[in-house]
There are 2 protein chains.
Amino acid sequence: MPKRPAARAPKNGGDTDEKIRARNIREILKAATEIFSRKGFDGARIAEIAEASGLPKANVYYYFSSKEEIYRAVIEHLIEGWDDAFAHISVDREPQDAIRSYIAAKLTYTRRNIIESRLFANEIIRGAQFLSRKDRQHMRTVTDEKVRVIEDWIAAGKLLPVDPRHLFIMLWSATQFYADFEPLACDALHTSKLKGIDYSHAAETISETVLRGLLPTGRT
Amino acid sequence: MPKRPAARAPKNGGDTDEKIRARNIREILKAATEIFSRKGFDGARIAEIAEASGLPKANVYYYFSSKEEIYRAVIEHLIEGWDDAFAHISVDREPQDAIRSYIAAKLTYTRRNIIESRLFANEIIRGAQFLSRKDRQHMRTVTDEKVRVIEDWIAAGKLLPVDPRHLFIMLWSATQFYADFEPLACDALHTSKLKGIDYSHAAETISETVLRGLLPTGRT
DNA sequence: TCAAAACCTGACCAAAGTGTCAACTTATTA
DNA sequence: TAATAAGTTGACACTTTGGTCAGGTTTTGA
């Protein structure tokens with residue numbers, strides 16, 4: 001008889017058939033992401049997470065010792081998507097292409113992962129309490145690196161002077177917006193006659209407007 | 001003996017000394033705004049709202065029949081701030097000044113009313129469930145009106161072609177960002193050496209970048 | 001095949017939180 | 001000043017929900 005697994009990882013030395021554990025945890029995290037995203041931390045009930053992942057509640061607690069631990073695990077996982085889009089910003093590219101790619105990538109990611117994006121944004125609004133020191137540090141490092149790229153471009157005369165951090169804020173907030181606020185936007189910004197604004201051009205609109213203001217060589 | 005005031009307005013025909021009622025409701029709403037903003041709907045506990053407004057919990061229920069009713073009342077109140085900044089966008093002004101003023105006004109408002117702003121943004125992320133049909137309609141109408149102003153400017157050659165709705169989204173998201181994400185921004189975007197980016201120039205940075213991309217007459 | 005580890009789960013708490021109520025005090029008004 | 005309405009409140013009922021647990025079943029490995 002096992003004496004209280006303590007809702008923790010088994011000291012399963014080798015990787016002997018990690019299938020059950022892996023699948024269940026994946027299932028729980030997937031359900032949790034969706035529900036935390038819709039309801040927020042306090043609004044989410046673990047009974048609901050359990051049901052959505054097809055496991056009885058007690059089984060969820062077999063893998064996670066608390067609601068907070070589940071939330072933390074979810075958030076941890078989200079960070080991974082953070083820097084993918086940022087990869088497009090690299091010195092060896094022309095700023096025009098790079099920024100355009102960045103915007104497109106960010107928008108695509110955001111759209112394809114609305115749930116995660118929203119949850120991430122929400123967590124950050126709440127003060128990023130659950131982000132580990134390591135994750136915060138990581139975000140800082142990546143950002144700093146990209147700031148330097150922008151500064152290099154400016155120094156090389158490829159870009160008009162602009163505060164790189166403010167630029168990132170503009171780009172990030174604009175792309176994020178389309179995921180977070182699309183429901184509102186659809187409702188509040190639509191004309192009743194004009195059946196809606198064209199979201200498919202969001203990337204282009206942002207790109208063009210920002211780039212027109214940044215490129216020294218006239219219009220794009 | 002009064003038989004169950006039913007947590008409702010008294011049929012106080014005249015406006016005979018509405019002071020007590022008015023003050024208490026104001027106090028409750030003020031506390032509720034702050035707590036809903038910090039904790040979200042589910043995270044907020046009415047006991048906390050009661051304490052923050054200096055009233056016993058049961059007294060809160062004397063004025064409001066449910067948590068939802070308090071929330072609804074708070075949200076209703078927030079809409080009022082929505083169009084104030086928008087007033088700056090008027091046809092008889094030069095787009096350059098108008099947009100600059102709009103950005104500045106929006107940023108100022110957002111900064112001065114971080115709590116309300118955050119709550120409003122959050123409610124909208126959640127799908128604006130608690131906004132009345134009337135309020136949604138109002139937002140739509142105001143937006144449509146301002147879209148027409150931008151279109152007029154473009155038609156008059158005062159502005160390069162741009163989708164007005166996308167422009168508003170960019171402006172709104174950028175300004176909103178500074179209220180919602182300032183905690184993150186402070187943490188994630190700061191260099192450890194550079195003690196922080198200059199938030200006081202946010203308005204200018206947004207203005208310059210956007211305007212440089214929109215004005216036909218070269219740089220601002 | 002058998003023991004130990006891993007996994008599963010119905011039933012159960014204790015805490016927390018929403019909303020209620022009956023009785024009390026204060027204000028209003030005729 | 002008396003009657004009635006408005007406001008106040010401690011205590012409590014009821015529900016939800018995070019979390020536990022004892023004992024069960026399945027998987028693993030020797």
Side-chain angles (χ1 to χ4, degrees), chain A residues 1-28 31-32 35-36 38-74 130, chain B residues 1-29 31-32 35-36 38-74:
Chain A
M1 307 103 210
K3 54 292 303 190
R4 304 231 353 302
R8 275 305 176 169
K11 46 208 71 147
N12 190 343
D15 53 358
T16 48
D17 195 4
E18 195 75 346
K19 265 185 292 186
I20 296 178
R21 186 178 191 78
R23 174 171 47 79
N24 282 345
I25 288 183
R26 180 165 32 82
E27 228 38 59
I28 293 170
I35 287 161
F36 278 133
R38 281 215 322 269
K39 312 276 190 76
F41 181 80
D42 290 291
R45 275 154 300 124
I46 56 138
E48 199 181 345
I49 293 174
E51 195 187 8
S53 53
L55 296 169
K57 197 181 61 168
N59 205 352
V60 170
Y61 274 100
Y62 176 73
Y63 292 104
F64 296 93
S65 64
S66 70
K67 186 180 183 177
E68 192 177 312
E69 193 178 306
I70 301 177
Y71 188 72
R72 216 179 279 275
V74 168
F130 290 100
Chain B
M1 310 104 203
K3 58 286 304 190
R4 304 232 352 300
R8 277 305 176 169
K11 47 208 71 149
N12 191 342
D15 53 358
T16 49
D17 195 4
E18 195 74 348
K19 266 185 293 189
I20 296 179
R21 185 176 192 80
R23 174 173 46 80
N24 283 346
I25 287 183
R26 179 164 33 82
E27 228 40 57
I28 292 170
L29 254 32
I35 288 162
F36 278 133
R38 282 214 323 268
K39 310 277 189 76
F41 181 80
D42 290 291
R45 276 156 298 125
I46 57 140
E48 200 181 346
I49 292 175
E51 195 186 11
S53 52
L55 295 170
K57 197 181 59 167
N59 206 351
V60 171
Y61 275 100
Y62 175 72
Y63 291 105
F64 296 93
S65 64
S66 71
K67 188 180 182 178
E68 191 177 311
E69 192 178 308
I70 301 177
Y71 188 71
R72 213 178 281 276
V74 168

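All chains are named by letter (A, B, ...) in the order of the sequence lines, taking the proteins before the strands, and each is independently numbered beginning at 1. Keep in mind that this is a model prediction, so the values were computed, not measured. We use all heavy atoms of the structure for the numbers below, so side chains are in, but hydrogens, waters and symmetry mates are not.
- Nucleotide D:dG18 holds its C1' atom 15 Å from the CD1 atom of A:Ile28, rounded to whole Å.
- Atom OH of B:Tyr61 is separated from atom C1' of D:dA11 by 16 Å (rounded to the nearest Å).
- Expressed to the nearest 0.5 Å, how far CD1 of A:Ile28 lies from CZ of A:Arg23 amounts to 10.5 Å.
- In this structure, B:Asn59 does not reach the D:dG7 phosphate: none of its side-chain N or O atoms is under 4.0 Å from OP1 or OP2.
- Between A:Arg23 atom CZ and C:dC8 atom P the separation is 7 Å, expressed in whole Å.
- B:Ile46 is not listed as a side-chain neighbour of B:Phe64, based on a closest heavy-atom distance of 4.5 Å or more.
- Ranked by how close their nearest DNA chain D nucleotide is to the 5' end, B:Ala58 and A:Ser66 are led by B:Ala58.
- Of all non-hydrogen atoms in A:Glu27 and A:Ser53, the two that sit nearest each other are O-CB, 3.6 Å.
- Nearest heavy-atom pair across A:Arg21 and A:Tyr63 is NH1-CE2, 3.5 Å.
- Listed by first and then second residue, the salt bridge (charged side-chain N to carboxylate O under 4.0 Å, His left out) pairs that reach into residues 43-61 of chain B are B:Arg38-B:Glu48, B:Lys39-B:Glu48, B:Arg45-B:Glu48, sequence neighbours excluded.
- A sub-4.0 Å separation between OP1 or OP2 of C:dC8 and a side-chain N or O of A:Tyr63 is present.
- B:Leu55 places its CG atom 11 Å from the P atom of D:dG10, with the value rounded to the nearest Å.
- Between A:Glu48 atom CD and D:dT16 atom P the separation is 14 Å, expressed in whole Å.
- Residues forming a salt bridge (Lys or Arg N to Asp or Glu O under 4.0 Å) with A:Glu68 (at least two apart in sequence, or on another chain): A:Arg72.
- When every heavy atom of B:Ile35 is checked against every heavy atom of B:Ala52, the shortest pair comes out as CD1-CB, 3.9 Å.
- Residue B:Arg21 places no side-chain N or O under 4.0 Å from the OP1 or OP2 atom of D:dA6.
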Would you tabulate the pairs of protein nitrogen or oxygen atoms and nucleotide nitrogen or oxygen atoms of nucleotides 15-17 of chain C closer than 3.5 angstrom?
residue : atom : partner : partner atom : Å
C:dG17  : OP1  : B:Arg45 : NE           : 3.0
C:dG17  : OP1  : B:Arg45 : NH1          : 3.4

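- Under the rule for a side-chain contact (heavy atoms from CB on, under 4.5 Å), the partners of A:Ala32 that lie at least two apart in sequence or sit in another chain are A:Phe36, A:Ile49, A:Ile70, A:Val74.
- Consecutive pairing runs in DNA chain D reach the stem threshold at C:1-30 with D:1-30, where a stem means at least three Watson-Crick or G-U wobble pairs with distances under 3.5 Å.
- Rounding to whole angstrom units, CD of residue B:Glu27 and C1' of D:dG7 are separated by 16 Å.
- Mapping A:Lys57 and A:Val60 onto DNA chain C by nearest heavy atom places A:Val60 at the nucleotide closer to the 5' end.
- Residue A:Lys39 contributes atom NZ, which lies 13 Å from atom C1' of D:dT16 at whole-angstrom precision.
- Rounded to a whole Å, the OH atom of A:Tyr62 is 11 Å from the C1' atom of D:dT27.
- Under the side-chain contact (heavy atoms from CB on, under 4.5 Å) criterion, A:Asp42 pairs with B:Asp42, sequence neighbours left out.
- A sub-4.0 Å separation between OP1 or OP2 of D:dT8 and a side-chain N or O of B:Asn24 is present.
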